[in-house]
**Q** 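The following block contains the structure, expressed as structure tokens.
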2 protein chains.
Amino acid sequence: MDTADSASTGTERSRGRKGKRAVRRTQTASMADVARLAGVSSQTVSRVSNGYAGVNEETREQVLAAMKELGYRPNSAARALKRGEFRTIGVITFNLSTTGNMRTLEAIATSAAQEGYAVTLLPVAVPTQDEVRGAFSRLGELAVDAVIAIMEVHLLDAATISLPPHVQVVVADSDAGDRYAVVDTDQAGGARAAVRHLLDLGHSTVWHLAGPEESFAAQRRTDAWHAALTEAGRVPPPLVRGDWSAESGYRAGLRLADERDCTAVFAANDQMALGLLRALHERGRKIPDDVSVIGFDDIPEAGSFLPPLTTVHQDFAEVGRLCVEGVLRRMRHGGPEHGTTLVPTKLVVRGSTAPPAGDA
Amino acid sequence: MDTADSASTGTERSRGRKGKRAVRRTQTASMADVARLAGVSSQTVSRVSNGYAGVNEETREQVLAAMKELGYRPNSAARALKRGEFRTIGVITFNLSTTGNMRTLEAIATSAAQEGYAVTLLPVAVPTQDEVRGAFSRLGELAVDAVIAIMEVHLLDAATISLPPHVQVVVADSDAGDRYAVVDTDQAGGARAAVRHLLDLGHSTVWHLAGPEESFAAQRRTDAWHAALTEAGRVPPPLVRGDWSAESGYRAGLRLADERDCTAVFAANDQMALGLLRALHERGRKIPDDVSVIGFDDIPEAGSFLPPLTTVHQDFAEVGRLCVEGVLRRMRHGGPEHGTTLVPTKLVVRGSTAPPAGDA
DNA sequence: CGTCGCGATGTTTACGTAAACATGCCGTCC
DNA sequence: GGACGGCATGTTTACGTAAACATCGCGACG
């Protein structure tokens, strides 16, 4: 039997297809090959492959053995074609190099994997609407069932048109959009906590080193800072602006060092806070004795700054997880839910904040 | 009622199937739809879609118009099934959170996009062989033509078995493997440059804060440090080991601060250097006057450390680019080239290194 | 004792695309 | 002027899978 079988297979192969096809046969086995070896129909192989219930235990084991022997792997292209879905989530983003985006991406990939979804990355070189539109257009041809965008909503405007209509979109790290579901850190809550912490220490007001104007995240931190001060009856000092980089924080710090009544600064991220620390140190302002500094993000290095940085911890992993959860739920239930999901922040107090000099 | 209902359903089904199809038609148009509207055969649509030469200009425009009207997008699953390739590169890695891996990934994604390839991410939670093997096994079912692994080669051992044989593998950030093509930074060259820089400044020897034992990158930096010292006729001080984290650098720094003859330290990465700076500062050792510190990586923040960190710059973007180039070349030419491609490093001198006290 | 139902398995078909092959038309060359 | 070559386009087929439908055998129940 066995001999006859393999002989017939060999004959068929050499007769049926020549060269290239034969080679390919040896490379990847199809369901038909497995079926032949196991002595069942390809449909039964399919049932085993997909964990279908109604298969005799004995048959299943035969099939599994045949799969193993041939090194069978389901062809995901054929699967996707048949099922009409790819089990893949596309992530569109520019600038992977910020801690936040990267950590969010990592969490997205992990969560997606747990749900049996793969993650396809779509980098956008320049954050212009044209670039984003191009990326979305490519995504349209891409094998994805859903899209998570890690960017500002306004960059998505007019870009979505080219997306296949059944593809769901969730946006991370952006303002509250009414066209998309948004998952974001509670920027406002974190900023308020930072300001309140400094006020509680006894500082009369808090300066703010803001992120770039075009960033909604920065805008919301700034708004919350302003609101928290105003609510407490304090006068917000003039705004100082950076561009997220440590270098810009350094430049801002050189200016702030000359403001003698500046005893507390809330930097919109940890990198700028780092630059700030350096500038203040160079100008002889002791931290936290002369000036308290607080950051935002809680990057892994923050605890090793000089001095260790008090900052607002963001749970990027949770953001990523919620993005995946949201996009999958929307895919399954179809309903295009809008609105924003907020992930809480946590104040991490370290050594860069203290009561103002002369106090306590 | 039941009978009528099911009968009606049954009747409906043949028609209802059409209905469903119609609904789906409105979602995604196929080549057949475009062909019908344009009054040509689907093959002609295919030719236009793929930029085939032999199509009359007039016909082509008709087809393009029809495509636009229907919002046609090629179905990548069908395409992949027919062509036998996915135009996708899988990237397997754990721990995206290191600067290097992340930047490499970013470059891979960008380069791949330029070549018309998508990048699928496959995170591995724990860097054990079992985990990696599982990831590879999943990759086997995944829609990828090639794999780039950002990890140590020894973690790949015994895992490749489950990879489809035609899938090419390139490894980044690892030791010179004889089973895979490897692209890596010139760790040794960078480490030598760091040591020589410190010796040239007049330090009698250079201490080394090494990365974890299981890392080949760390091992190679350590080996090069040792070799450079020995070649210069110096006696290598005892090795101090960290785990890449700033915290471990801090702990190591506390110990090093007590070594009064320690005037120069080469840290295996910038994060550990950061911790080192903090520890030395806390113990009253001035940098660079009492102790010179040099790092490795040149993370964006390095220039804002206190003081700005002299370090060895790694070109992660180039590593990523070469990985993509290598994997594509191997796919096209078939030949499994082994061997290592090295990307040069560059010494960046900032403020954390100086001649030893008493010198000059 | 026939048929009904059900569990296990086989057969047919369609998913959307593109290679391979087929057709039909027109100009050219001998 | 007829065969031939080449170009534009149409027709057939296969990629590997899985849903839908078909079959087959067997135990149960009326």
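In this text, all values refer to a predicted model and were calculated from it rather than measured experimentally. Proteins get letters first, then strands, A, B, ... in listed order; numbering begins at 1 in each.
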**Q** Answer with yes or no whether B:Arg73 presents, from its side chain, a donor or acceptor under 3.5 Å of a partner atom in the base of C:dG16.
**A**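 Between C:dG16 and B:Arg73, which were checked side chain against base, a qualifying N/O pair under 3.5 Å is absent.
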**Q** Over how many whole Å does the gap from A:Gln43 atom CD to C:dG7 atom P extend?
**A**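 After rounding, the reported distance stands at 17 Å.
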**Q** Hey, what bend do you get for the helix from C:dC1-D:dG30 to C:dC30-D:dG1 if you fit axes on five pairs at each end, rounded to 10°?
**A**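 If I round to tens, the end axes sit 60° apart.
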**Q** Could you state the atom-to-atom distance from CZ of B:Phe86 to C1' of D:dC15 in whole Å?
**A**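 Answer to the nearest Å: 11 Å.
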**Q** Just by distance, no angles: are the side chains of B:Thr120 and A:Thr120 close enough, under 3.5 Å, to form a donor-acceptor pair?
**A**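 Present: a donor and an acceptor within the cut-off.
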**Q** Do you know the tightest heavy-atom contact between A:Ala107 and A:Gly320?
**A**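 Taking A:Ala107 first and A:Gly320 second, the nearest heavy atoms are CB-CA, 3.9 Å.
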**Q** Would you mind telling me which residue lines up with the more 5' stretch of DNA chain C, B:Ala77 or B:Tyr52, judged by nearest nucleotide?
**A**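 Residue closer to the 5' terminus by nearest nucleotide: B:Ala77.
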**Q** If we check side chain to side chain contact (heavy atoms under 4.5 Å, CB included) with B:Ile108, which of these qualifies: B:Val119, B:Val327, B:Thr93?
**A**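 Going through B:Val119, B:Val327, B:Thr93 one by one, the side chain to side chain contact (heavy atoms under 4.5 Å, CB included) with B:Ile108 is satisfied by B:Val119 alone.
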**Q** Want to settle it: does B:Ser41 or A:Ser46 sit nearer the 5' end of DNA chain D, counting the closest nucleotide to each?
**A**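 Its nearest nucleotide lies further toward 5', so the answer is B:Ser41.
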**Q** Does a donor on one side chain sit under 3.5 Å from an acceptor on the other, for A:Ser49 and A:Arg79?
**A**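 A donor-acceptor contact under 3.5 Å links the two side chains.
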**Q** Checking contacts here: which listed nucleotide (C:dA8, C:dT17, D:dT17) is nearest the side-chain heavy atoms of A:Asn56?
**A**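 From the listed options, C:dA8 comes nearest.
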**Q** Nearest-Å distance, CG (A:Leu81) to C1' (D:dA14)?
**A**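 A:Leu81 atom CG is separated from D:dA14 atom C1' by 12 Å.
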**Q** Will you find, in the side chains of A:Thr104 and A:Asn101, an N or O donor that is under 3.5 Å from an N or O acceptor?
**A**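 Short answer, no.
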**Q** Can you tell me how far C1' of C:dA14 sits from CG of B:Asn75, to the nearest Å?
**A**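 To the nearest whole Å, that distance equals 13 Å.
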**Q** So do the side chains of B:Thr341 and B:Val319 get within less than 4.5 Å of each other, counting heavy atoms only?
**A**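 SC-SC contact between B:Thr341 and B:Val319 ruled out.
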**Q** Rounded to the nearest Å, what distance is computed from the CD atom of residue B:Glu85 to the C1' atom of nucleotide C:dT17?
**A**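 Roughly 13 Å, once rounded to whole Å.
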**Q** Closer than 3.5 angstrom, by distance alone: can the side chain of B:Asp145 be matched with the main-chain N or O of B:Glu85 as a donor-acceptor pair?
**A**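 No.
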**Q** Which residue lies toward the 5' end of DNA chain D, B:Thr59 or A:Asn50, if each is placed at its nearest nucleotide?
**A**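 The residue mapped nearer the 5' terminus is B:Thr59.
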**Q** Where the side chain of A:Val40 is defined as all heavy atoms beyond and including C-beta, which of D:dA18, C:dA18, C:dG10 is the nearest nucleotide?
**A**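 Per side-chain heavy atoms of A:Val40, the pick is C:dG10.
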**Q** Rounding to a whole Å, what distance do you find between A:Arg60:CZ and C:dT9:P?
**A**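 Going from CZ in A:Arg60 over to P in C:dT9 covers 10 Å.
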**Q** Can you figure out which of D:dC15, C:dT9, D:dT17 approaches the side chain of B:Lys82 most closely?
**A**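 Closest nucleotide among those given: D:dC15.
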**Q** Considering only D:dC15, D:dT17, D:dG10, which nucleotide approaches the side chain of A:Tyr72 most closely?
**A**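 Nearest to the side chain of A:Tyr72 among the choices is D:dT17.
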**Q** Roughly how many Å is it from CZ in A:Arg47 to C1' in C:dA8, rounded to a whole number?
**A**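 A:Arg47 atom CZ is separated from C:dA8 atom C1' by 8 Å.
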**Q** Expressed in angstrom and rounded to an integer, what is the separation of A:Arg87 atom CZ from D:dA18 atom P?
**A**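 Result: 10 Å.
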